[in-house]
Amino acid sequence: MSAAIGEHPHSPATLAGAVAAGRMSGRLWLYANYHCNLACTYCLTESAPGVPRRLLGGDRMRALADEAATLGFTAIGVTGGEPFLLPDLPEVVADLAARLPVVVLSNATLFTPALVERLRPWADLPVTVQVSLDRPDPVDNDAMRGPHNFRKVVEGVPLLVEAGIRVRVATTLELDEIGPEPTADQERLCVLHRALGVADEDHVIRPIVRRGRAATQGLGVVAARDDLEPELTVTADGAFWSPFAPTVTGGRLDIDLLVSRSTTPLELPVSRMLGFLEGRSPGHDTTLGIR
Amino acid sequence: MSRIALLTAPEAPFGLADLYADGDPGPIVAALAHIPELAEVTLPFLGAVLGPSAVGLRTKEIVILRSSAMLGCRYCVDAHTVVARDASLSVDEVRALRGEGDVAAAFAEDRERALIAWVDAVAVGPGDPPAAVAAAMAERYADADLVELTLLVGTTVMLNRFATCLRLPTGEQTRSRLDAEGWS
Ligand code: SF4
(Lines give C-alpha, C1' and ligand atoms only; values in the text may rest on other atoms or scores of the structure.)
Protein backbone atom coordinates (compact mmCIF):
# COMPACT_ATOMS: atom_id res chain seq x y z
CA MET A 1 0.00 0.00 0.00
CA SER A 2 1.46 3.37 -0.89
CA ALA A 3 0.40 4.85 2.47
CA ALA A 4 2.52 2.24 4.22
CA ILE A 5 5.51 3.16 2.10
CA GLY A 6 5.31 6.65 3.49
CA GLU A 7 5.90 5.27 6.96
CA HIS A 8 9.28 3.77 6.09
CA PRO A 9 12.22 5.84 7.33
CA HIS A 10 13.68 5.84 3.83
CA SER A 11 10.69 7.46 2.21
CA PRO A 12 8.45 10.19 3.46
CA ALA A 13 7.07 10.39 -0.08
CA THR A 14 4.78 7.96 -1.83
CA LEU A 15 5.48 6.28 -5.12
CA ALA A 16 2.48 7.92 -6.74
CA GLY A 17 3.68 11.31 -5.51
CA ALA A 18 7.19 10.74 -6.84
CA VAL A 19 5.85 9.65 -10.22
CA ALA A 20 3.45 12.59 -10.40
CA ALA A 21 6.26 15.00 -9.50
CA GLY A 22 8.48 13.55 -12.24
CA ARG A 23 11.03 12.26 -9.75
CA MET A 24 10.68 8.67 -10.82
CA SER A 25 9.32 6.70 -13.72
CA GLY A 26 6.00 4.95 -13.19
CA ARG A 27 7.26 1.95 -15.12
CA LEU A 28 8.55 -1.11 -13.28
CA TRP A 29 11.04 -3.06 -15.38
CA LEU A 30 11.33 -6.81 -15.12
CA TYR A 31 14.38 -8.66 -16.45
CA ALA A 32 12.69 -11.86 -17.59
CA ASN A 33 15.98 -13.58 -18.48
CA TYR A 34 19.56 -12.90 -19.51
CA HIS A 35 20.13 -15.33 -22.35
CA CYS A 36 19.74 -14.36 -25.98
CA ASN A 37 19.99 -15.89 -29.42
CA LEU A 38 22.22 -12.95 -30.43
CA ALA A 39 25.44 -11.55 -28.94
CA CYS A 40 25.45 -7.88 -29.93
CA THR A 41 28.71 -5.98 -29.58
CA TYR A 42 27.13 -3.32 -27.33
CA CYS A 43 25.00 -5.65 -25.21
CA LEU A 44 24.73 -4.36 -21.64
CA THR A 45 24.16 -7.80 -20.22
CA GLU A 46 26.75 -9.78 -22.20
CA SER A 47 23.82 -11.81 -23.37
CA ALA A 48 24.40 -14.76 -25.69
CA PRO A 49 22.95 -18.26 -26.06
CA GLY A 50 25.07 -19.95 -23.39
CA VAL A 51 25.14 -17.39 -20.56
CA PRO A 52 23.49 -18.00 -17.17
CA ARG A 53 19.78 -17.42 -17.71
CA ARG A 54 18.95 -15.64 -14.43
CA LEU A 55 15.25 -16.33 -14.98
CA LEU A 56 12.70 -14.30 -13.08
CA GLY A 57 9.93 -16.81 -13.81
CA GLY A 58 6.35 -16.31 -14.93
CA ASP A 59 4.79 -16.65 -11.50
CA ARG A 60 7.21 -14.17 -9.97
CA MET A 61 6.53 -11.72 -12.81
CA ARG A 62 2.79 -12.02 -12.23
CA ALA A 63 3.23 -11.48 -8.49
CA LEU A 64 5.41 -8.43 -9.14
CA ALA A 65 2.78 -6.99 -11.48
CA ASP A 66 0.15 -7.42 -8.77
CA GLU A 67 2.32 -5.63 -6.24
CA ALA A 68 3.28 -2.96 -8.78
CA ALA A 69 -0.35 -2.13 -9.52
CA THR A 70 -1.15 -1.92 -5.79
CA LEU A 71 1.86 0.28 -5.05
CA GLY A 72 1.01 2.79 -7.78
CA PHE A 73 3.21 1.87 -10.72
CA THR A 74 1.57 2.82 -13.99
CA ALA A 75 3.29 0.49 -16.45
CA ILE A 76 5.52 -2.55 -16.76
CA GLY A 77 8.51 -3.14 -19.01
CA VAL A 78 9.76 -6.63 -19.78
CA THR A 79 13.32 -6.99 -20.97
CA GLY A 80 16.24 -9.43 -21.07
CA GLY A 81 18.17 -11.08 -22.72
CA GLU A 82 15.65 -11.96 -25.35
CA PRO A 83 12.31 -12.46 -23.57
CA PHE A 84 10.78 -14.29 -26.52
CA LEU A 85 13.09 -17.25 -25.83
CA LEU A 86 10.82 -18.01 -22.87
CA PRO A 87 8.17 -20.50 -23.93
CA ASP A 88 5.46 -19.07 -21.65
CA LEU A 89 6.05 -15.41 -22.52
CA PRO A 90 2.82 -14.92 -24.54
CA GLU A 91 0.66 -16.00 -21.60
CA VAL A 92 2.77 -14.27 -18.94
CA VAL A 93 2.68 -10.93 -20.75
CA ALA A 94 -1.06 -11.24 -21.33
CA ASP A 95 -1.49 -11.71 -17.58
CA LEU A 96 0.74 -8.72 -16.81
CA ALA A 97 -1.21 -6.59 -19.27
CA ALA A 98 -4.41 -7.43 -17.42
CA ARG A 99 -2.86 -5.47 -14.52
CA LEU A 100 -0.86 -2.68 -16.19
CA PRO A 101 0.18 -1.63 -19.70
CA VAL A 102 3.25 -3.54 -20.82
CA VAL A 103 6.13 -2.88 -23.19
CA VAL A 104 8.21 -5.92 -24.14
CA LEU A 105 11.69 -5.41 -25.58
CA SER A 106 12.83 -7.79 -28.26
CA ASN A 107 15.46 -8.25 -30.93
CA ALA A 108 12.57 -9.27 -33.25
CA THR A 109 14.37 -12.26 -34.69
CA LEU A 110 12.04 -14.95 -33.40
CA PHE A 111 8.69 -13.82 -34.79
CA THR A 112 7.66 -16.81 -36.84
CA PRO A 113 4.04 -16.97 -38.06
CA ALA A 114 3.39 -19.63 -35.41
CA LEU A 115 4.67 -17.45 -32.58
CA VAL A 116 2.79 -14.39 -33.83
CA GLU A 117 -0.38 -16.50 -33.86
CA ARG A 118 0.10 -17.10 -30.12
CA LEU A 119 0.58 -13.35 -29.62
CA ARG A 120 -2.73 -12.41 -31.25
CA PRO A 121 -4.53 -11.91 -27.91
CA TRP A 122 -2.05 -9.05 -27.24
CA ALA A 123 -3.83 -7.02 -29.91
CA ASP A 124 -6.71 -6.48 -27.48
CA LEU A 125 -4.44 -5.71 -24.56
CA PRO A 126 -2.24 -2.72 -23.68
CA VAL A 127 0.92 -4.41 -24.98
CA THR A 128 3.64 -2.82 -27.09
CA VAL A 129 6.58 -4.72 -28.54
CA GLN A 130 9.71 -2.60 -28.79
CA VAL A 131 12.12 -4.01 -31.33
CA SER A 132 15.73 -3.09 -31.98
CA LEU A 133 16.79 -1.85 -35.39
CA ASP A 134 19.90 0.29 -35.62
CA ARG A 135 20.75 0.83 -39.28
CA PRO A 136 18.85 1.00 -42.57
CA ASP A 137 21.18 -1.51 -44.26
CA PRO A 138 21.71 -5.18 -43.51
CA VAL A 139 25.52 -4.96 -43.64
CA ASP A 140 25.84 -2.07 -41.18
CA ASN A 141 23.05 -3.28 -38.93
CA ASP A 142 24.25 -6.85 -38.74
CA ALA A 143 27.85 -5.84 -38.02
CA MET A 144 26.80 -4.94 -34.47
CA ARG A 145 23.95 -7.41 -34.02
CA GLY A 146 24.90 -10.53 -35.93
CA PRO A 147 24.13 -12.23 -39.25
CA HIS A 148 20.59 -12.09 -40.68
CA ASN A 149 19.36 -9.81 -37.90
CA PHE A 150 18.18 -7.13 -40.31
CA ARG A 151 16.28 -9.56 -42.52
CA LYS A 152 14.54 -11.20 -39.58
CA VAL A 153 13.45 -7.85 -38.16
CA VAL A 154 12.02 -6.56 -41.44
CA GLU A 155 10.19 -9.85 -41.87
CA GLY A 156 8.98 -10.08 -38.27
CA VAL A 157 7.71 -6.57 -37.61
CA PRO A 158 5.01 -6.62 -40.34
CA LEU A 159 3.70 -9.91 -38.92
CA LEU A 160 3.17 -8.22 -35.55
CA VAL A 161 1.64 -5.14 -37.14
CA GLU A 162 -0.72 -7.26 -39.21
CA ALA A 163 -1.75 -9.11 -36.04
CA GLY A 164 -2.79 -5.75 -34.60
CA ILE A 165 0.03 -5.51 -32.08
CA ARG A 166 1.60 -2.12 -31.49
CA VAL A 167 5.30 -2.03 -32.37
CA ARG A 168 7.95 0.53 -31.46
CA VAL A 169 11.38 0.63 -33.01
CA ALA A 170 14.40 1.46 -30.84
CA THR A 171 17.62 2.52 -32.50
CA THR A 172 20.80 2.40 -30.44
CA LEU A 173 23.71 4.52 -31.65
CA GLU A 174 26.90 6.14 -30.44
CA LEU A 175 26.10 9.46 -28.75
CA ASP A 176 27.97 11.46 -31.39
CA GLU A 177 25.71 9.99 -34.07
CA ILE A 178 22.64 11.45 -32.37
CA GLY A 179 22.23 15.08 -33.32
CA PRO A 180 19.36 17.56 -33.45
CA GLU A 181 18.92 16.78 -37.14
CA PRO A 182 18.63 13.21 -38.42
CA THR A 183 21.52 11.95 -40.52
CA ALA A 184 20.91 10.54 -44.00
CA ASP A 185 21.09 7.04 -42.51
CA GLN A 186 18.53 7.91 -39.87
CA GLU A 187 16.23 9.37 -42.52
CA ARG A 188 16.47 6.09 -44.41
CA LEU A 189 15.79 4.18 -41.24
CA CYS A 190 12.63 6.24 -40.73
CA VAL A 191 11.52 5.48 -44.26
CA LEU A 192 12.06 1.82 -43.46
CA HIS A 193 10.17 1.75 -40.15
CA ARG A 194 7.24 3.58 -41.73
CA ALA A 195 7.22 0.99 -44.50
CA LEU A 196 7.13 -1.71 -41.83
CA GLY A 197 4.04 -0.11 -40.33
CA VAL A 198 5.67 1.70 -37.40
CA ALA A 199 4.74 5.36 -36.96
CA ASP A 200 7.25 8.13 -36.25
CA GLU A 201 6.06 8.55 -32.66
CA ASP A 202 6.92 4.90 -32.11
CA HIS A 203 10.57 5.32 -33.09
CA VAL A 204 13.11 6.11 -30.37
CA ILE A 205 16.82 6.75 -30.73
CA ARG A 206 19.06 6.35 -27.69
CA PRO A 207 22.78 6.17 -27.07
CA ILE A 208 24.82 3.06 -26.36
CA VAL A 209 25.61 3.00 -22.66
CA ARG A 210 29.16 2.04 -21.73
CA ARG A 211 28.41 -0.90 -19.50
CA GLY A 212 28.65 -4.65 -19.98
CA ARG A 213 29.96 -5.76 -23.33
CA ALA A 214 29.86 -2.17 -24.61
CA ALA A 215 32.38 -1.22 -21.91
CA THR A 216 34.63 -4.14 -22.80
CA GLN A 217 34.46 -3.09 -26.45
CA GLY A 218 35.05 0.59 -25.66
CA LEU A 219 31.66 1.58 -27.04
CA GLY A 220 29.08 4.04 -25.82
CA VAL A 221 28.79 6.81 -23.32
CA VAL A 222 29.71 6.59 -19.64
CA ALA A 223 26.53 7.06 -17.64
CA ALA A 224 26.54 7.89 -13.94
CA ARG A 225 23.52 7.11 -11.80
CA ASP A 226 22.03 10.55 -12.30
CA ASP A 227 22.35 10.22 -16.08
CA LEU A 228 19.89 7.35 -15.93
CA GLU A 229 16.21 7.93 -15.39
CA PRO A 230 15.17 6.38 -12.06
CA GLU A 231 13.13 3.35 -13.16
CA LEU A 232 12.98 0.58 -10.63
CA THR A 233 14.16 -2.64 -12.27
CA VAL A 234 13.72 -6.10 -10.81
CA THR A 235 15.88 -9.04 -11.82
CA ALA A 236 16.48 -12.50 -10.40
CA ASP A 237 19.39 -10.90 -8.51
CA GLY A 238 17.72 -7.90 -6.94
CA ALA A 239 16.25 -4.46 -7.58
CA PHE A 240 18.23 -1.85 -9.49
CA TRP A 241 18.10 1.87 -10.22
CA SER A 242 17.36 1.55 -13.94
CA PRO A 243 17.08 -1.04 -16.70
CA PHE A 244 20.60 0.09 -17.69
CA ALA A 245 21.90 -0.93 -14.25
CA PRO A 246 21.85 -4.75 -13.85
CA THR A 247 24.56 -5.23 -16.44
CA VAL A 248 27.12 -8.02 -16.69
CA THR A 249 30.80 -7.32 -17.24
CA GLY A 250 33.37 -10.07 -17.60
CA GLY A 251 30.71 -12.58 -16.62
CA ARG A 252 30.03 -10.83 -13.32
CA LEU A 253 26.83 -8.98 -12.45
CA ASP A 254 27.45 -5.27 -11.84
CA ILE A 255 25.85 -4.17 -8.58
CA ASP A 256 27.07 -0.58 -8.41
CA LEU A 257 23.49 0.53 -9.10
CA LEU A 258 21.82 -2.07 -6.88
CA VAL A 259 18.97 -0.73 -4.77
CA SER A 260 18.40 -3.93 -2.78
CA ARG A 261 19.08 -7.63 -3.11
CA SER A 262 15.67 -8.42 -1.75
CA THR A 263 12.64 -7.71 -3.92
CA THR A 264 10.00 -9.23 -1.67
CA PRO A 265 7.91 -7.39 -0.80
CA LEU A 266 8.33 -5.00 -3.71
CA GLU A 267 7.59 -2.25 -1.23
CA LEU A 268 11.15 -2.68 0.13
CA PRO A 269 13.05 -1.57 -2.99
CA VAL A 270 10.36 1.00 -3.78
CA SER A 271 10.81 2.51 -0.37
CA ARG A 272 14.59 2.57 -0.72
CA MET A 273 14.34 4.08 -4.19
CA LEU A 274 12.12 6.87 -2.87
CA GLY A 275 14.63 7.46 -0.09
CA PHE A 276 17.44 7.83 -2.62
CA LEU A 277 15.32 10.21 -4.69
CA GLU A 278 14.62 12.51 -1.81
CA GLY A 279 16.33 15.80 -2.35
CA ARG A 280 16.40 15.53 -6.11
CA SER A 281 14.50 18.41 -7.60
CA PRO A 282 11.16 17.64 -9.24
CA GLY A 283 11.68 16.74 -12.86
CA HIS A 284 15.39 16.10 -12.25
CA ASP A 285 16.31 14.09 -15.29
CA THR A 286 19.13 12.56 -17.18
CA THR A 287 21.56 14.81 -18.97
CA LEU A 288 22.20 12.23 -21.68
CA GLY A 289 18.62 11.41 -22.58
CA ILE A 290 19.12 7.75 -21.76
CA ARG A 291 15.76 6.06 -21.56
CA MET B 1 41.96 -15.74 -0.77
CA SER B 2 38.46 -14.65 0.12
CA ARG B 3 35.58 -16.90 -0.92
CA ILE B 4 33.67 -13.91 -2.25
CA ALA B 5 34.51 -10.76 -4.18
CA LEU B 6 35.32 -7.96 -1.75
CA LEU B 7 33.72 -4.96 -3.37
CA THR B 8 35.82 -1.91 -4.13
CA ALA B 9 34.33 1.59 -4.16
CA PRO B 10 33.35 1.58 -7.87
CA GLU B 11 31.86 -1.91 -7.56
CA ALA B 12 29.82 -1.32 -4.41
CA PRO B 13 26.17 -0.26 -4.48
CA PHE B 14 25.87 3.52 -4.73
CA GLY B 15 23.87 3.77 -1.51
CA LEU B 16 26.94 2.67 0.45
CA ALA B 17 29.27 5.34 -0.97
CA ASP B 18 29.73 6.95 2.47
CA LEU B 19 31.30 3.76 3.79
CA TYR B 20 34.00 4.05 1.14
CA ALA B 21 34.52 7.80 1.50
CA ASP B 22 37.76 7.39 3.48
CA GLY B 23 39.22 4.64 1.30
CA ASP B 24 39.21 0.87 1.84
CA PRO B 25 36.55 0.18 4.48
CA GLY B 26 37.95 -3.27 5.30
CA PRO B 27 36.81 -6.74 4.37
CA ILE B 28 33.70 -6.94 6.57
CA VAL B 29 32.17 -3.87 4.94
CA ALA B 30 33.42 -4.92 1.50
CA ALA B 31 31.68 -8.28 1.97
CA LEU B 32 28.44 -6.93 3.42
CA ALA B 33 28.26 -4.44 0.55
CA HIS B 34 26.87 -7.25 -1.61
CA ILE B 35 23.59 -6.73 0.23
CA PRO B 36 23.13 -3.02 0.86
CA GLU B 37 19.92 -3.34 2.83
CA LEU B 38 21.63 -5.73 5.25
CA ALA B 39 24.86 -3.73 5.38
CA GLU B 40 22.85 -0.67 6.39
CA VAL B 41 21.42 -2.37 9.47
CA THR B 42 24.26 -4.75 10.32
CA LEU B 43 27.05 -2.17 10.43
CA PRO B 44 25.34 0.18 12.91
CA PHE B 45 24.44 -2.90 14.98
CA LEU B 46 28.06 -4.06 15.01
CA GLY B 47 29.19 -0.55 15.83
CA ALA B 48 26.79 -0.35 18.76
CA VAL B 49 27.66 -3.76 20.18
CA LEU B 50 31.41 -3.76 19.56
CA GLY B 51 32.11 -0.03 19.91
CA PRO B 52 32.51 2.17 23.00
CA SER B 53 29.75 1.62 25.54
CA ALA B 54 28.98 1.44 29.26
CA VAL B 55 31.26 -1.58 29.52
CA GLY B 56 34.85 -0.37 29.22
CA LEU B 57 37.04 -0.93 26.18
CA ARG B 58 39.44 -3.26 28.02
CA THR B 59 36.62 -5.53 29.13
CA LYS B 60 35.16 -5.59 25.63
CA GLU B 61 38.45 -6.51 24.04
CA ILE B 62 38.90 -9.36 26.54
CA VAL B 63 35.53 -10.70 25.37
CA ILE B 64 36.11 -10.18 21.64
CA LEU B 65 39.64 -11.55 21.51
CA ARG B 66 38.83 -14.54 23.72
CA SER B 67 35.68 -15.45 21.74
CA SER B 68 37.61 -15.17 18.50
CA ALA B 69 40.39 -17.42 19.81
CA MET B 70 37.86 -19.98 21.07
CA LEU B 71 36.22 -20.02 17.62
CA GLY B 72 39.58 -20.22 15.85
CA CYS B 73 38.91 -17.12 13.80
CA ARG B 74 42.22 -16.01 12.33
CA TYR B 75 40.80 -12.79 10.91
CA CYS B 76 39.28 -11.60 14.21
CA VAL B 77 42.20 -12.80 16.34
CA ASP B 78 44.59 -10.84 14.11
CA ALA B 79 42.46 -7.71 14.15
CA HIS B 80 41.75 -7.78 17.88
CA THR B 81 45.27 -8.64 18.92
CA VAL B 82 46.12 -5.17 17.64
CA VAL B 83 43.02 -3.53 19.13
CA ALA B 84 43.54 -5.26 22.49
CA ARG B 85 47.09 -3.94 22.67
CA ASP B 86 45.73 -0.47 21.89
CA ALA B 87 43.21 -0.97 24.71
CA SER B 88 46.23 -1.47 27.02
CA LEU B 89 46.07 -5.19 27.51
CA SER B 90 49.59 -6.46 28.15
CA VAL B 91 51.43 -8.82 25.85
CA ASP B 92 50.98 -11.63 28.40
CA GLU B 93 47.27 -10.94 28.69
CA VAL B 94 46.85 -10.96 24.92
CA ARG B 95 48.84 -14.20 24.65
CA ALA B 96 46.65 -15.82 27.32
CA LEU B 97 43.45 -14.71 25.60
CA ARG B 98 44.78 -16.08 22.30
CA GLY B 99 45.23 -19.47 24.02
CA GLU B 100 49.02 -19.15 24.00
CA GLY B 101 49.48 -18.60 27.74
CA ASP B 102 47.95 -19.23 31.15
CA VAL B 103 44.85 -17.11 31.86
CA ALA B 104 45.18 -17.50 35.65
CA ALA B 105 48.77 -16.32 35.53
CA ALA B 106 48.13 -13.40 33.18
CA PHE B 107 44.97 -12.04 34.79
CA ALA B 108 45.31 -11.13 38.44
CA GLU B 109 41.74 -9.89 38.85
CA ASP B 110 39.15 -12.37 39.91
CA ARG B 111 36.49 -10.45 38.02
CA GLU B 112 38.29 -10.77 34.70
CA ARG B 113 38.99 -14.47 35.21
CA ALA B 114 35.28 -15.04 35.87
CA LEU B 115 34.50 -13.15 32.67
CA ILE B 116 36.94 -15.23 30.61
CA ALA B 117 35.37 -18.45 31.95
CA TRP B 118 31.96 -17.06 30.99
CA VAL B 119 33.16 -16.20 27.50
CA ASP B 120 34.61 -19.70 27.03
CA ALA B 121 31.32 -21.29 28.06
CA VAL B 122 29.08 -18.97 26.03
CA ALA B 123 31.19 -18.98 22.87
CA VAL B 124 31.49 -22.71 22.34
CA GLY B 125 28.62 -24.13 24.40
CA PRO B 126 26.75 -26.30 23.95
CA GLY B 127 23.84 -25.54 26.24
CA ASP B 128 23.69 -23.67 29.51
CA PRO B 129 27.09 -22.59 30.93
CA PRO B 130 28.21 -24.55 34.02
CA ALA B 131 26.51 -23.40 37.23
CA ALA B 132 29.78 -22.39 38.92
CA VAL B 133 30.78 -20.22 35.96
CA ALA B 134 27.35 -18.55 35.92
CA ALA B 135 27.38 -18.00 39.66
CA ALA B 136 30.83 -16.40 39.53
CA MET B 137 29.57 -13.98 36.89
CA ALA B 138 26.34 -13.18 38.74
CA GLU B 139 28.35 -12.31 41.85
CA ARG B 140 30.58 -9.88 40.03
CA TYR B 141 28.50 -8.30 37.28
CA ALA B 142 25.17 -6.44 37.24
CA ASP B 143 22.37 -7.78 35.05
CA ALA B 144 22.91 -5.06 32.48
CA ASP B 145 26.59 -5.95 32.19
CA LEU B 146 25.78 -9.64 31.89
CA VAL B 147 23.32 -8.89 29.08
CA GLU B 148 25.76 -6.68 27.23
CA LEU B 149 28.74 -9.00 27.62
CA THR B 150 26.74 -12.03 26.55
CA LEU B 151 25.43 -10.17 23.51
CA LEU B 152 29.01 -9.18 22.76
CA VAL B 153 30.14 -12.82 22.83
CA GLY B 154 27.25 -13.82 20.56
CA THR B 155 27.93 -11.00 18.12
CA THR B 156 31.64 -11.81 18.06
CA VAL B 157 30.87 -15.47 17.38
CA MET B 158 28.65 -14.39 14.48
CA LEU B 159 31.52 -12.32 13.08
CA ASN B 160 34.00 -15.13 13.74
CA ARG B 161 31.99 -17.55 11.63
CA PHE B 162 31.32 -14.90 8.96
CA ALA B 163 35.00 -13.99 8.62
CA THR B 164 36.28 -17.56 8.86
CA CYS B 165 33.81 -19.18 6.50
CA LEU B 166 34.10 -16.42 3.89
CA ARG B 167 37.89 -16.47 4.39
CA LEU B 168 38.19 -12.72 4.88
CA PRO B 169 41.82 -11.61 4.61
CA THR B 170 43.64 -9.77 7.37
CA GLY B 171 44.02 -6.12 6.37
CA GLU B 172 47.42 -4.82 5.35
CA GLN B 173 47.67 -2.35 8.23
CA THR B 174 46.85 -5.04 10.76
CA ARG B 175 49.32 -7.41 9.12
CA SER B 176 52.17 -4.92 9.34
CA ARG B 177 51.35 -4.12 12.98
CA LEU B 178 51.35 -7.82 13.82
CA ASP B 179 54.65 -8.35 12.03
CA ALA B 180 56.25 -5.30 13.63
CA GLU B 181 55.19 -6.42 17.11
CA GLY B 182 56.27 -10.03 16.65
CA TRP B 183 52.87 -11.74 16.56
CA SER B 184 52.84 -14.78 14.31
S1 SF4 C 1 21.52 -6.30 -27.06
FE2 SF4 C 1 19.59 -7.43 -26.90
S3 SF4 C 1 19.52 -8.65 -28.76
FE4 SF4 C 1 21.63 -8.02 -28.51
S5 SF4 C 1 22.62 -9.67 -27.36
FE6 SF4 C 1 21.92 -8.17 -25.85
S7 SF4 C 1 19.93 -8.90 -25.24
FE8 SF4 C 1 20.41 -9.94 -27.16
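Letters A, B, ... mirror the listed sequences (proteins, then strands); counts begin at 1. Values reported hereafter were calculated over all heavy atoms of this structure, with side chains retained and with hydrogens, waters and symmetry mates removed. Computed from a prediction, not measured in an experiment: that's the story for all the values here.
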Q: Answer whether the closest heavy-atom distance between the side chains of B:His34 and A:Arg261 falls below 4.5 Å.
A: no
(Q) My understanding is that only residues two or more places apart in sequence, or in another chain, count here; which of them pass side-chain hydrogen bond (donor to acceptor under 3.5 Å, both in side chains) with A:Thr79? (A) none
Q) At what distance, to the nearest 0.5 angstrom, does OG of A:Ser260 lie from CD of B:Glu40? A) 9.5 Å
Q) Any idea which heavy atoms bring A:Leu258 and B:Pro13 closest together, and the distance? A) O-CB, 3.8 Å
Q) If you draw a 6.0 Å radius around CD in B:Gln173, do more than 12 non-hydrogen atoms from other residues or ligands fall strictly inside? A) no
Q) Does some side-chain heavy atom of A:Arg272 sit less than 4.5 Å from a side-chain heavy atom of B:Pro36? A) yes
Q.
For the CG atom on B:Asp102, are there more than 12 heavy atoms of other groups (residues, nucleotides or ligands in this structure) within a distance under 6.0 Å?
A. yes
Q.
More than 12 heavy atoms of other residues, nucleotides or ligands under 6.0 Å from CZ of B:Arg175: yes or no?
A. yes
Q. Would a 4.5 Å heavy-atom cut-off, applied to side chains only, mark B:Phe14 and A:Leu257 as touching?
A. yes
**Q.** Part of B:Leu7 within contact of chain A (heavy atom distance under 4.5 Å)
**A.** side chain
Q) Measuring from A:Ile255:CD1 to B:Ile35:CD1, what's the distance to the nearest 0.5 Å? A) 9.0 Å
Q: Could you tell me which residues satisfy side-chain hydrogen bond (donor to acceptor under 3.5 Å, both in side chains) with B:Thr81, sequence neighbours excluded, listed by chain and number?
A: B:Arg98
Q: Flag yes if more than 12 heavy atoms outside B:Arg177 fall under 6.0 Å of its CZ atom; otherwise flag no.
A: yes
